[in-house]
Amino acid sequence: MNLEVRDIDRIIEMAWEDRTPFEAITFQFGLKEQEVIDLMRKEMKPSSFRMWRERVQGRATKHSKKRTFDKGRFKCSRQRTITNNSISKR
């Protein structure tokens with residue numbers, strides 16, 4: 001699969017986010033959980049990859065079926081809304 005650098009950066013960012021499940025990455029980029037793991041292994045330093053794996057292994061928020069909440073599937077409620085390529089003020 002050929003991904004642009006921008007897409008790889010976004011996938012890595014989403015993978016690090018606690019409340020972004022792997023299903024959201026699959027929905028947006030078509031990568032399954034194992035493919036995300038492989039991408040992270042390839043793109044990160046070994047020590048950073050190990051730290052990330054430790055962090056997400058078994059974390060309920062990274063798997064939508066294990067989550068205890070329904071809201072916030074793609075973004076945190078504290079995240080600012082982006083409108084017309086600018087950040088809107090609350």
Side-chain angles (χ1 to χ4, degrees):
M1 174 175 286
N2 288 335
L3 294 169
E4 293 182 22
V5 174
R6 181 178 67 184
D7 293 337
I8 292 171
D9 289 344
R10 182 62 185 135
I11 292 167
I12 291 171
E13 181 181 358
M14 290 174 76
W16 270 103
E17 293 170 349
D18 288 340
R19 291 184 167 241
T20 303
F22 287 112
E23 290 83 358
I25 297 172
T26 301
F27 179 79
Q28 289 184 330
F29 296 98
L31 295 177
K32 296 179 182 170
E33 181 178 348
Q34 187 58 51
E35 293 172 313
V36 173
I37 293 168
D38 293 340
L39 177 80
M40 297 291 277
R41 181 179 282 122
K42 178 182 154 209
E43 296 293 327
M44 298 173 75
K45 295 187 301 186
S47 61
S48 297
F49 174 76
R50 283 191 301 272
M51 185 181 355
W52 174 76
R53 281 300 287 158
E54 238 177 79
R55 182 180 171 88
V56 300
Q57 198 121 32
R59 183 177 287 268
T61 56
K62 292 306 280 183
H63 300 87
S64 62
K65 291 183 180 177
K66 293 182 181 179
R67 292 169 71 141
T68 58
F69 56 89
D70 294 326
K71 294 182 180 179
R73 180 172 175 209
F74 287 101
K75 72 173 192 173
C76 176
S77 61
R78 294 181 307 269
Q79 183 177 349
R80 297 172 87 182
T81 305
I82 299 173
T83 318
N84 296 331
N85 293 330
S86 64
I87 299 174
S88 65
K89 295 179 181 168
R90 292 182 186 186

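Numbering starts at 1 and runs along the sequence shown.
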Shortest non-hydrogen separation from Trp52 to Met44 and the atoms involved: CB-CE, 4.3 Å
Between CD1 on residue Ile8 and CG on residue Leu31, distance to nearest 0.5 Å: 9.5 Å
Flag side-chain contact, heavy atom, 4.5 Å: Glu33 against Ile37: yes
Reported CE-to-CZ distance for the pair Met40 and Arg53, which is rounded to 0.5 angstrom: 9.5 Å
Nearest heavy atoms of Lys32 and Thr26, plus distance in Å: CA-OG1, 3.8 Å
Rounded distance (nearest 0.5 Å) linking atom CD1 of Ile12 with atom CD of Glu43: 5.0 Å
Salt bridge flag under 4.0 Å for residues Asp7 and Arg10: no
Glu13/Arg6 ion pair, N-O < 4.0 Å: no
Nearest-0.5 Å distance that lies between atom CE in Met14 and atom CD in Glu17: 6.5 Å
CD on Glu35 to CG on Leu39, rounded to 0.5 Å: 9.5 Å
Closest contact, heavy atoms only, Ala15 versus Val56: O-CG1, 4.0 Å
